[in-house]
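To find a chain, count down the sequence lines: A is the first, B the second, and so on, and within it residues start at 1.
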Amino acid sequence: MTPEALLLAMRGMLVLLPFLKKEYDALTAKGEMTDEDRAQYQELLTGFKSSPAWQEEPDPS
Amino acid sequence: MKTARISLLPILFAVALMSQGCATTPLGKAQQTQKATAVSFDSFVTFEKDNRDQLWAISHDIKHAADKLRHKECESCPPNGQRWLQSAWNATEAYRLAKTDGNKDAMDVALDVIQKLYDEVSGYFLNPGVAGLNPNVAKQYPRAKIIP
């Protein structure tokens, strides 16, 4: 391999690196919530606060 | 032989990358577990309230289990079930932002608390008397499954 070809290959790697890192991160983050998922989960928890089913009531007589 | 070894390298790398990608990460598992538990807790307290008289006749323990989730430590405090879910969430967020051993331990402890309650709640849904009460109980009161 000539020095020019080596330099070209290294440049190509540098261009591809951000893309490869993004793909790798996406693969290794399998099952993790996105920002939107996390916001939805917080909404779910907030919704419980106003639910009458969560109010403690005396035992039936 | 050398040629074969070199040509195998990219394949081995791809397999390693794919196998890592297929496994749910500790953070992903923790988040999914919490969501499943939250849905189950809400379904359980709703189911218990909607069918209180019939469930009370089957077993008083069912209301008492729901009350454990509903109980507030103080007037302005959230119900215990919601407080435990929020604690687990806070610990998970801390681990998401800084993946240290200490944060992972704290997350695992918080998850253990809600996981035990999830098992208890699931057990009541599986009670023969409760299951016989309404054959469509699973449809009306969804219970998400925890990833094994």
Side-chain angles (χ1 to χ4, degrees), chain A, chain B residues 13-14 16-39 41-50 52-57 60 63-64 66-72 78-86 88-89 92-93 95-96 141 144 147:
Chain A
M1 186 180 267
T2 64
E4 289 79 12
L6 189 65
L7 196 65
L8 193 67
M10 284 174 73
R11 278 183 181 165
M13 286 285 282
L14 282 175
V15 170
L16 281 175
L17 208 57
F19 171 76
L20 290 174
K21 188 182 180 310
K22 196 177 161 189
E23 288 297 304
Y24 180 80
D25 287 347
L27 273 174
T28 53
K30 183 106 177 169
E32 292 181 15
M33 288 183 177
T34 61
D35 290 348
E36 194 182 339
D37 293 335
R38 289 202 308 280
Q40 280 177 357
Y41 180 71
Q42 279 301 305
E43 276 177 30
L44 182 75
L45 292 187
T46 306
F48 293 170
K49 287 175 187 167
S50 56
S51 168
W54 280 90
Q55 304 299 316
E56 199 173 12
E57 291 172 351
D59 288 347
S61 51
Chain B
F13 178 73
L17 197 69
M18 283 169 71
S19 63
Q20 195 173 5
C22 290
T24 306
T25 61
L27 176 62
K29 187 178 183 302
Q31 290 172 331
Q32 300 308 326
T33 297
Q34 284 169 69
K35 195 172 176 186
T37 306
V39 169
F41 282 6
D42 189 51
S43 284
F44 182 61
V45 293
T46 306
F47 171 65
E48 191 282 326
K49 186 177 170 62
D50 290 353
R52 181 161 297 158
D53 291 342
Q54 290 154 293
L55 292 172
W56 185 255
H60 296 4
K63 179 179 183 295
H64 294 159
D67 283 346
K68 196 156 75 175
L69 298 176
R70 295 177 179 128
H71 182 69
K72 294 179 176 181
N80 277 340
Q82 294 177 23
R83 189 165 57 82
W84 291 322
L85 285 169
Q86 192 62 54
W89 184 251
T92 305
E93 281 294 277
Y95 176 69
R96 181 177 70 84
Y141 302 93
I147 302 166

Asks: Would you give the length of the straight line joining atom CD of B:Gln32 to atom CG of A:Asp37, rounded to the nearest 0.5 angstrom?
Replies: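 One gets 7.5 Å once the value is rounded to the nearest 0.5 Å.
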Asks: To the closest 0.5 Å, what do you measure between OG1 (B:Thr92) and CE (A:Met33)?
Replies: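 Result: 9.0 Å between the selected atoms.
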Asks: Find the distance between CD (A:Glu56) and NZ (B:Lys72) and round it off to the nearest 0.5 Å.
Replies: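 The NZ atom of B:Lys72 is 9.0 Å from CD of A:Glu56, to the nearest 0.5 Å.
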Asks: Can a salt bridge be assigned to the pair A:Glu57 and B:Arg70 using a cut-off of 4.0 Å between side-chain N and carboxylate O?
Replies: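 No, A:Glu57 and B:Arg70 are not salt-bridged.
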Asks: Give a yes or no on whether a salt bridge exists between B:Arg96 and A:Glu32, defined as a side-chain N under 4.0 angstrom from a carboxylate O.
Replies: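 No, no charged N to carboxylate O under 4.0 Å.
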Asks: Mind checking whether A:Trp54 and B:Thr46 have side chains closer than 4.5 Å, heavy atoms only?
Replies: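 Result no, sub-4.5 Å side-chain heavy-atom pair not found.
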Asks: Begin from the C-alpha positions of B:Gln86 and A:Leu45 and carry the test side chain to side chain contact (heavy atoms under 4.5 Å, CB included) through to its verdict.
Replies: CA-CA 8 Å; B:Gln86 192 62 54; A:Leu45 292 187; 3.5 Å; yes
Asks: Under 4.5 Å, counting heavy-atom pairs only, tell me which of A:Arg38, A:Gln42, A:Gln40 racks up the most with chain B.
Replies: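 Result: the option with the highest number of such pairs is A:Arg38.
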Asks: How close do A:Pro60 and B:Lys63 get, heavy atom to heavy atom, and via which atoms?
Replies: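 Heavy atoms only, the tightest pair is CD-CD, 3.8 Å.
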Asks: With a 4.5 angstrom heavy-atom cut-off, which part of B:Pro79 approaches chain A: side chain, backbone, both or neither?
Replies: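 The side chain, not the backbone.
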Asks: Minimum heavy-atom separation for A:Ala53 to B:Val45, with atom names?
Replies: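 It is O-CB, 3.5 Å.
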Asks: With a 4.5 angstrom heavy-atom cut-off, which part of B:Glu93 approaches chain A: side chain, backbone, both or neither?
Replies: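 B:Glu93 touches chain A through side-chain heavy atoms alone.
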Asks: In terms of heavy-atom pairs under 4.5 Å with chain A, which of B:His64, B:Gln31, B:Lys49 leads?
Replies: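 Option with the top pair count is B:Gln31.
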Asks: Can you confirm whether the side chains of B:Trp56 and A:Asp59 place a donor and an acceptor under 3.5 Å from each other?
Replies: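 B:Trp56 vs A:Asp59: no donor-acceptor pair found between side chains.
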Asks: Where does A:Phe48 contact chain B at under 4.5 Å (heavy atoms): side chain, backbone, both or neither?
Replies: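 For A:Phe48, the contact with chain B is made by backbone and side chain together.
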Asks: Do B:Asp42 and A:Leu44 make a side-chain contact, defined as non-hydrogen atoms from C-beta onward lying under 4.5 Å apart?
Replies: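 A side-chain contact is absent here, since even the closest heavy-atom pair is not under 4.5 Å.
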